[in-house]
Amino acid sequence: MGTVPAKMILRFLILTVIITSLPANQTVAAATTAVGDAAAQSSTFPGQAEMAERVRAEFLHAWNGYRQYAWGHDELRPLSKTPFDWYGTSLLMTPVDALDTMILMGLTTQADETRQLIDTRLSFDRDIYVKNFEITIRLVGGLLSSYQLTGDKRLLALAEDLGQRLLPAFNSPTGMPYVEVNLKTGAVRGEDTNPAEVGSMLLEFGTLSKLTHKPVYYAKAKRAVVALYNRRSAIGLVGSDINVRTGAWTGAVTNIGGGSDSYFEYLLKAWKLFGDKDCERMWETIVSALNKYVADNAATGFWYGEADMNTGERAGTNFGALAAFFSGTLALSGDLNRAARLEDSSYRMWSTFGIEPEVINYDTMKVVSPGYELRPEIIESAYYLYYFTRNPKYLQMGVTFFDSLVKYCRTPAAYAALSSVETKTQRDDMESFFFAETLKYLYLLLGNPDRIDLTKTVLNTEAHPLNRI
């Protein structure tokens, strides 16, 4: 065994003094944060130019697999090397979702070819029911952002055509949208929904209103947001499930994870993008209640768990990959303290298993749902925190995320989700958000953090940049 460097001994002694002086219930969390900080300071970041090239290379690896085996379809199944369409007919989900990432990365050849495919092949004149939420954030958002980046008017025309076809979803007694709408007939179905599906159209429909000078899009989307907000409990919390016909809550547990996440995100971002003071007021009210009742200073770290929307009592200690977005939202709001603490906890979730599981119980640090869907949220939050603080530990986190993805999810054709982070078994799925979000946030964090000016641009929940108009 070689000689231990004096600096390493000193760092260990400092960490020991810090950790042993803390109360018992803070020791584990503080140790995680302190060791993470020390690792960031002692590691060498490869450099932005090198990391930008490495991320671009992995984007091209996955994109070339899609192009070879699934060109013109919604997605590539990366293990079977077969195409997949969400609704039995292609809406070019992956090309639309990926286009602005190519543009930001400077992949001009691929971007031009993809834009040509969209311009000539994409049509929404289809007799199919689609999920309003997913189609809005992926396709309306993707078309609008790529239009703003390229000036291609065909992309704006497609976005407006799609937006018009989605409007009937809002024709409920409450103004909150039905889950699905038929793109040809305007028929709707699915009256049981959640806050995220109700409130995550503001950015896209607001931008569409600005660009087309037709206020109906933003008016419909905002009415839905306000309708849900007005049904918050006496202590300011919203539940997990709601019926759009009756307006009655069907799930009374508050959390920041899947089904709720982007409702909170869009209140803040609509204020930032449009200067909407109503959204500012709603955000301030909601986040105050979340910090009071849902935030949890647990022995394992700082988390946002689950609470009863009416009483505020703790209802559970589950936290998942989707909930990791909230660090970035807090950072964007200016609450860097809570943002940093939550990201440290999320990083512990990732590093405990080598890659993050879909859901854990943070009280026991045991896996509740073992899959990994190639999700971006923890990377997104590291990007925001690095953008605002320039703390190099977030770059080191990013390198960890990137290396884990390459190690466990890369396939000969592309990238694959994992059915279990414990066994690292790959699953035949690569959703379009891997191109739109995961690889984009890795590129922005590690290779070009100033590529987007966050004082002028807001990223939607699918990481499509929308410019202030």
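- Between Asn318 and Asn255, the closest side-chain pair of non-hydrogen atoms is not below 4.5 Å.
- At least one side-chain heavy atom of Ile360 sits less than 4.5 Å from a side-chain heavy atom of Trp303.
- Between the side chains of Ser404 and Trp350, at least one donor N or O lies within less than 3.5 Å of an accepting N or O.
- Remark: the backbone N or O of Trp86 is paired with a side-chain donor or acceptor of Asp74 at under 3.5 angstrom.
- Tyr362 and Asp296 share a side-chain donor-acceptor pair at under 3.5 Å.
- Judged purely by atom type and a 3.5 angstrom limit, Ser381 uses its side chain to pair as donor or acceptor with the backbone of Phe325.
- Using the six-membered ring where Trp is involved, Tyr66 and Phe435 have ring planes that are perpendicular, over 60° apart on the 30 and 60° scheme.
- Glu373 has its side chain within reach of Arg427: a pair of non-hydrogen atoms, C-beta onward, lies under 4.5 Å apart.
- When all heavy atoms are compared, the tightest approach of Leu76 to Ala414 is CD2-CB, 3.8 Å.
- If you check the side chains of Asp127 and Asn182, you find a donor sitting under 3.5 Å from an acceptor.
- Note: Thr250 OG1 to Asp192 CG = 5.0 Å, rounded to the nearest 0.5 Å.
- Comment: Glu284 does not engage Arg281 in a salt bridge, judged by the lack of any side-chain N to carboxylate O separation of less than 4.0 angstrom.
- Here the closest non-hydrogen pair linking Leu330 and Arg338 is CD1-CB, 3.9 Å.
- Between Gly141 and Leu466 the shortest heavy-atom distance is O-CD2, 4.2 Å.
- Figure legend: Arg390 and Tyr387 shown as a cation-pi pair, the cationic atom lying under 6.0 angstrom from the six-membered ring centre and within 45 degrees of its axis.
- Between the CE atom of Met397 and the CZ atom of Phe401 there is a distance of 6.0 Å, given to the nearest 0.5 Å.
- Residues Tyr229 and Thr285 bring a donor and an acceptor atom of their side chains to less than 3.5 Å of each other.
- Scanning both residues, Asn460 and Tyr266, for their nearest heavy atoms gives CB-OH, 3.3 Å.
- Between the side chain of Thr89 and the backbone N or O of Asp85, no donor-acceptor pair lies under 3.5 Å.
- To the nearest 0.5 Å, atom CD of residue Glu377 and atom CG of residue Leu322 are 5.0 Å apart.
- Using modelled atom types and a 3.5 Å distance limit, the side chains of Asn467 and Thr457 yield a donor-acceptor pair.
- Taking each heavy atom of Arg231 and Met309 in turn, the nearest pair found is O-CE, 4.3 Å.
- Within the 4.5 Å cutoff, side-chain heavy atoms of Phe205 are placed close to those of Thr136.
- The aromatic rings of Tyr441 and Tyr384 lie tilted to each other, with the angle between the two planes from 30° to 60°.
- With no hydrogens or angles considered, no side-chain donor-acceptor pair links Ser233 and Asn310 at under 3.5 Å.
- Under 3.5 Å, the side chains of Ser333 and Asp335 contain no donor-acceptor pair of N or O atoms.
- No side-chain N or O of Tyr218 forms a donor-acceptor pair with one of Thr207 less than 3.5 Å apart.
- Under the 3.5 Å distance criterion, the side-chain polar atoms of Asn243 are matched with a main-chain donor or acceptor of Arg245.
- Under the 4.0 Å criterion applied to side-chain N and carboxylate O atoms, Glu180 and Lys131 are not assigned as salt-bridge partners.
- Looking at Arg121, its side chain never comes within 3.5 Å of a backbone N or O of Leu91 through a donor-acceptor pair.
- With Arg126 contributing its side chain and Ser90 its backbone, the two residues share a donor-acceptor pair below 3.5 Å.
- At a threshold of 4.5 Å between non-hydrogen side-chain atoms, the residues Asn132 and Tyr178 do not count as touching.
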(request) Report the C-alpha separation of Glu160 and Lys214 in whole Å, then their side-chain angles, then the decisive distance to 0.1 Å, and conclude whether the salt bridge (Lys or Arg N to Asp or Glu O under 4.0 Å) test is met. (result) CA-CA 10 Å; Glu160 183 176 8; Lys214 296 176 181 177; 2.4 Å; yes

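- Rounding to the nearest 0.5 angstrom, the gap separating the OG1 atom in Thr101 from the CD atom in Gln110 is 12.5 Å.
- Under the 3.5 Å distance criterion, with hydrogens and angles disregarded, no donor-acceptor pair is assigned to the side chains of Ser432 and Thr94.
- Residues Arg56 and Glu53 are paired through a salt bridge, judged by an N-O separation under 4.0 Å between the basic side chain and the carboxylate.
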(message) Applying side chain to side chain donor-acceptor pair (under 3.5 Å) to Glu265 and Thr461, what does each step give before you reach the verdict?
(response) CA-CA 8 Å; Glu265 176 188 358; Thr461 199; 2.9 Å; yes

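- For the pair Leu183 and Asp125, the minimum side-chain heavy-atom distance is 4.5 Å or more.
- Checked by atom type, the side-chain pair Glu58/Tyr415 shows a donor-acceptor distance below 3.5 Å.
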(request) Start with the C-alpha gap between Ile469 and Leu211, add the side-chain angles, then the distance that decides, and say whether side-chain contact (heavy atoms from CB on, under 4.5 Å) holds. (result) CA-CA 8 Å; Ile469 301 169; Leu211 292 171; 3.6 Å; yes

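- Between the Thr254 side chain and the Val238 main chain, a donor and an acceptor come within less than 3.5 Å of each other.
- No side-chain heavy atom of Thr311 sits under 4.5 Å from any side-chain heavy atom of Tyr293.
- Scanning both residues, Ala315 and Asp308, for their nearest heavy atoms gives CB-N, 4.0 Å.
- Checked by atom type and distance alone, the side chain of Thr193 never pairs as donor or acceptor with a backbone atom of Glu197 at under 3.5 Å.
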(message) Test salt bridge (Lys or Arg N to Asp or Glu O under 4.0 Å) on Lys272 and Glu280; report intermediate values, then the result.
(response) CA-CA 8 Å; Lys272 296 286 186 182; Glu280 177 186 13; over 6 Å; no

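- At least one cation-pi condition fails for Arg138 and Phe433: the charged atom is not both under 6.0 angstrom from the six-membered ring centre and inside a 45 degree cone around its axis.
- Of the possible donor and acceptor atoms, one in the side chain of Thr352 sits under 3.5 Å from a partner among the backbone N and O of Arg348.
- In this structure, Leu158 and Phe124 have side chains that are in contact, with non-hydrogen atoms separated by less than 4.5 Å.
- From Trp249, atom CH2 reaches atom CG of Asp241 across 8.5 Å, with rounding to the nearest 0.5 Å.
- Between the side chain of Arg314 and the backbone N or O of Val294 there is at least one donor-acceptor pair closer than 3.5 Å.
- Asn291 and Tyr304 share a donor-acceptor pair across their side chains, judged by distance under 3.5 Å alone.
- A distance of 9.0 Å separates OG of Ser145 from CG of Leu155, quoted to the nearest 0.5 Å.
- Ring-plane geometry between Phe59 and Trp63 is classed as parallel, the angle between the planes falling under 30 degrees on a 0 to 90 degree scale with a further cut at 60.
- Between Glu204 and Tyr217, the side chains place no donor N or O within less than 3.5 Å of an acceptor N or O (distance only, hydrogens not considered).
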